[in-house]
Amino acid sequence: MPNIAREELKPEESEQLLLLPGGHPPLWNHMDSTGPVGLQQREGAPGCSQEGLPCPSDSSELVLACLQQFKVTETQLRQIQASLLCSMEHALGGQASPASSVRMLPTYVGSTPHGTEQGDFVVLELGATGASLRVLWVTLVGNEGHRMEPRSQEFVIPPEVMLGPGQQLFDFAARCLSEFLDAIPMDKKGLQLGFSFSFPCHQTGLDRSTLISWTKGFRCSGVEGHDVVQLLRDAIKRQGAYSIDVVAVVNDTVGTMMGCEPGFGPCEVGLVVDTGTNACYMEEARHVAVLDEDRGRVCVSVEWGSFSDDGVLGPVLTTFDHALDQESLNPGAQRFEKMIGGLYLGELVRLVLAHLAQQGVLFDGCTSSALLTHGSILLEHVAEMEDPLAGAARVHAILQDLGLSVGASDAELVQYVCATVLTRAARLCAAALAAVLSRLRHSRELQMLQIAVATGGRVFERHPSFLSILQETVKLLAPECDVSFIPSVDGGGRGVAMVTAVAARLAAHRRLLEETLAPFRLNHEQLAVVQAQMREAMVKGLRGEASSLRMLPTYVRATPDGTERGDFLALDLGGTNFRVLLVCVTAGGVKITSQVYSIPEYVAQGSGQQLFDHIVDCIVDFQQKQGLSGQSLPLGFTFSFPCRQLGLDQGILLNWTKGFNASDCEGQDVVCLLREAIRRRQAVELNVVAIVNDTVGTMMSCGYEDPRCEVGLIVGTGTNACYMEELRNVAAVAGDSGHMCINMEWGAFGDDGSLDLLRTCFDANVDQASINPGKQSFEKMISGMYLGEIVRHILLHLTSLGVLFRGQQTQRLQTRDIFKTKFLSEIESDSLALRQVRAILEDLGLPLTSDDALMVLEVCQAVSQRAAQLCGAGVAAVVEKIRENRGLEELTVSVGVDGTLYKLHPHFSSLVAATVRKLAPRCVVTFLQSEDGSGKGAALVTAVACRLAQTACV
Ligand code: G6P
Ligand code: BGC
Ligand code: BGC
């Protein structure tokens, strides 16, 4: 018979097949014509197979047929390797993967330990070693310190706890924790715990992990689909013995990888074969579709236990595997694990022995109830029986304990069975590992991969041959990988402590970040106070009483009614750009031609004469380009600074804002300053008809399309608002009927200290460094000229706390205005958030980690959110004032808006609208983004003035 078998096998296959652990001579060598040495003929006894025992030649056939099933050829191993690799890349790409594939779960561990971790940590391990959990006290001493042996204690988990309600399991864990800590003579304040939870979980953070499904011997109810960290926290709270902060949850493979013996590592693969089996490895973050990362690496838990591609596994699965699966807690699941994991090896051996006994090949064809009992042969038994030296004696002892009488040849055959089952497990594990190594080599675009694999688990500890077969087979399947296998110390406990230390550091950083950003998180009550304070300041300002809101009459009494006509020149000064516009208002609509000119800082902060001469130069240049030279068109001047207007064409500049500081202008009528400059530039005729604020221009421009537009809002370099107030409420202007547009100059709101409760030290830094300290408080918390600076000051603060950039302050970040407000809009764009952060910050020469990127994003979000909410509170105050002015139950009104920040920031406008809805629920407010800027508005104000002037003449 041996000949037949041999014929079937290709030469190389036969060689491979016969490699059995423990120096067992090749199976066939022991199979002479009578089968395994000593397989003698025997008669039937109780519990024994009734029909006569098979003849020796038959029995060896039977043994061969039985054990041949466990043969896995090199071809099959390569097929498994290839299919597993394919399944890994499928899952990494985020494509919906069939249930039978590996899961590829990101673990939020982004770097292998850099040895600086220090401190005392508690580690709770659940699930790695089957029916027991372990608690450890690990002291990390960083690079310098001498390594401290961790203290640990193992607790056996009663079966009813492994299969009962989840709360019972977590309460059991919390009790073990307390019992362990009671015995620890250490200071137990501020305990930080790392939770090693060895089951497939979707992690959404280092301390947030949802159980996908139980594996191995566990089946507790009410846990799958839940955050296991929260369940543990709740149990520890119920226990109430210790306040323990659970800061990290990791898969046991990650603990194993991170616990790689210093000096050998870093290990970048963690391989566990204990009751279950799995591996993790450091994948390029950009390859993990679910993560929004394009740099760095992230540890991925493969969860290869669930690999069961019928195409390649089908032919390898034996009848014993199917039997085992059917009797398992999770039939159909974890098929790959059930051929490798220590929880199943003993059972596979038992099923084979029972089968061979029932075939009369073993134990004289006698079985025992113990042999027929599920789980009666454990991993330890297989390890002992398979041991080439002491194994035979142990076989007798173990099987006698199972009520079996063991014949001489039985022991050897039993050892073969153990070795065969274990060999297959090691080779399948090797195929899986080879797939991971190929993936690593591929994702790093390497010809040769040199890698350290940390191994952990009792199959490694108890079956020395497992590792040697694994190594050999990996060499065969992945020859381009030079792999060193490093046993993990403390079974991964130290590794979990490392992750916990990193998590604790990140958690501490997160707390510092939250503390820093908390003052920026305004709640409804605070915003309602701002709204009320603004309302009060509006009323006082209108009455001419002391108020930080000047509430300046603009002499614009009506919004356009569409009858305006003519060509007008318009100037738009005060925003990001200075523009000169030709606005043609016809029955068919408004046609605008404009040109942007720059106002260099030295002009904006030079002399007033220089500034206005520069303005006239631009006008002349524009007229020449538009062929308007010599024409004296009515001109509307959008001048976006606080002016006390005495009439439509008279505006006394009260003070500069937004980085302008030209001399000899404040207190002057800027229309006069313009006219003087025109005069200085002979041969230019210009008819300055109106001066308007950009808020008024914006309201008019939008009002031309939507007559309900009675509010103008600017959120750009600066911020401000205007609205149509009842003339009777405007003390500074005579008359009780009709309306007048009021320029609120809300940028100065809070200059009287009414916003001090909300002002942060960062606002104070920005104000101190501005050219108008103590002024424009509200503006400095909202507008584009300042948000970038607020963010920069916060980043400097967080860097000084060591929270960001590893505490390294860089010259660049100390540079004023280096962090542009437009960065906030780019960084907060939903599409490429983290990558955008990275690109921007690297341009600023800042060395950052992915955690840094996330924190910078949160800082930007907090600063812009506060700005939008404050702006919303201001708008709510205005529309509520209009509603109450008109004694309306409900007001429908439109707000014309302009300004780069409002227009470009991805969330600003919606946050403003949401805040207004909450604070002014009886106002239906529509925000209209002005398309043509306020230049058009200035032209329309001019047109109205000209129309009114004409009717006055008629
Ligand atoms: C538009 C208006 C200007 C206004 C500016 C504010 O451009 O036409 O009158 O001053 O917006 O926004 P900005 O972001 O440019 O400061
Ligand atoms: C679990 C893995 C774990 C492995 C080794 C498997 O059953 O699904 O999460 O890493 O066992 O303990
Ligand atoms: C000015 C306002 C202007 C606002 C928006 C503020 O700095 O004081 O007049 O409307 O900026 O440009």
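The main-chain N or O of Y555 is never found under 3.5 Å from a side-chain atom of Q645 such that the two would form a donor-acceptor pair. Listed for the R579 side chain is no donor-acceptor partner under 3.5 Å among the backbone atoms of A570. With hydrogens and angles ignored, the 3.5 Å screen pairs no side-chain donor or acceptor of S829 with any backbone N or O of S825. With hydrogens and angles disregarded, a donor-acceptor distance shorter than 3.5 Å links the side chain of T810 to the backbone of L813. With hydrogens and angles disregarded, no donor-acceptor distance shorter than 3.5 Å links the side chain of K658 to the backbone of M785. Without hydrogens or angle criteria, Q650 side chain to V671 main chain gives no donor-acceptor distance under 3.5 Å. Within the 3.5 Å criterion, the main-chain N or O of I818 finds no donor-acceptor partner in the side chain of R792. In this structure, the side chain of S548 does not engage the main chain of D752 through any donor-acceptor pair within 3.5 Å. In this structure, R816 contributes its side chain and A769 its backbone to a donor-acceptor pair below 3.5 Å. A donor-acceptor contact shorter than 3.5 Å links the side chain of D751 to the backbone of Q776.
Shown are D763, L787, N772; of these, the side-chain contact (heavy atoms from CB on, under 4.5 Å) with K780 is made only by N772. Shown are D694, T719, V696; of these, the side-chain contact (heavy atoms from CB on, under 4.5 Å) with I714 is made only by D694.
Side-chain contact between K775 and T657 is absent, with no heavy-atom pair separated by less than 4.5 Å. Counting heavy atoms from C-beta on, the side chains of V590 and V583 come closer than 4.5 Å. Within the 4.5 Å cutoff, the side chain of P519 has no heavy atoms near those of the F762 side chain. You'll find the side chain of I794 reaches within 4.5 Å of the side chain of L517, heavy atoms only. Counting heavy atoms from C-beta outward, C709 and L928 have side chains that approach closer than 4.5 Å. For the pair L674/I691, no side-chain contact is recorded, criterion being any heavy-atom separation below 4.5 Å from C-beta on. Residues C722 and T554 fail the side-chain proximity criterion, which asks for heavy atoms closer than 4.5 Å. Within the 4.5 Å cutoff, side-chain heavy atoms of R866 are placed close to those of I790.
Closest approach of Q531 to E880, counting heavy atoms only: NE2-CG, 3.7 Å. When all heavy atoms are compared, the tightest approach of F641 to N655 is CB-O, 4.4 Å. When all heavy atoms of F622 and T593 are compared, the closest pair comes out as CZ-O, 3.4 Å. Looking at every heavy atom in both residues, S930 comes nearest to T698 through CB-CG2, 3.8 Å. Of all heavy-atom pairs spanning F749 and L755, the tightest one is O-CD1, 3.5 Å. In this structure, R550 and L654 approach most closely via the heavy-atom pair CD-CD1, 3.2 Å.
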Quiz item: What's the verdict on side chain to side chain contact (heavy atoms under 4.5 Å, CB included) for Q668 and L653, showing C-alpha distance, side-chain angles and the deciding distance?
Solution: CA-CA 6 Å; Q668 303 298 316; L653 174 61; 5.8 Å; no

Quiz item: Would L727 and V733 satisfy side chain to side chain contact (heavy atoms under 4.5 Å, CB included), going step by step from the backbone distance to the final call?
Solution: CA-CA 7 Å; L727 195 55; V733 179; 3.8 Å; yes

Quiz prompt | Residues Q605, W656; criterion side chain to side chain contact (heavy atoms under 4.5 Å, CB included); working and verdict | solution = CA-CA 10 Å; Q605 298 186 2; W656 285 117; over 6 Å; no

Quiz item: Between M534 and L549, is a side chain to side chain contact (heavy atoms under 4.5 Å, CB included) present by the stated rule, with each step listed?
Solution: CA-CA 8 Å; M534 183 165 284; L549 289 179; 3.8 Å; yes

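Of the inter-residue distances, the one linking S594 atom OG with K936 atom NZ reads 13.0 Å to the nearest 0.5 angstrom. Distance check, rounded to the nearest 0.5 Å: CG of L673 to CD1 of I678 gives 11.0 Å. Within the model, atoms CG of L686 and CG of L628 stand 10.5 Å from one another, a figure rounded to the nearest 0.5 Å. Between atom CD of residue Q623 and atom CD of residue Q631 there is a gap of 8.0 Å, rounded to the nearest 0.5 Å. If you take CZ on F778 and OG on S783, they are separated by 10.5 Å, rounding to the nearest 0.5 Å. In this structure, E828 CD and L904 CG are separated by 12.5 Å, a value rounded to the nearest 0.5 Å.
Ring-plane geometry between H614 and F578 is classed as tilted, the angle between the planes lying from 30 to 60 degrees on a 0 to 90 degree scale.
Within a 6.0 Å sphere centred on NZ of K820, other residues, nucleotides and ligands contribute more than 12 heavy atoms. Sparse packing is recorded around CZ of R644, with 12 or fewer heavy atoms of other residues, nucleotides or ligands lying under 6.0 Å away.
For N693 and N720, the side-chain atoms include at least one donor-acceptor pair closer than 3.5 Å. Checking D617 against Y597 by side-chain atom types alone, no donor-acceptor pair falls below 3.5 Å. A donor-acceptor contact closer than 3.5 angstrom links the side chains of D706 and S894.
Under a 4.0 Å N-O distance rule, the pair K881/E725 qualifies as a salt bridge.
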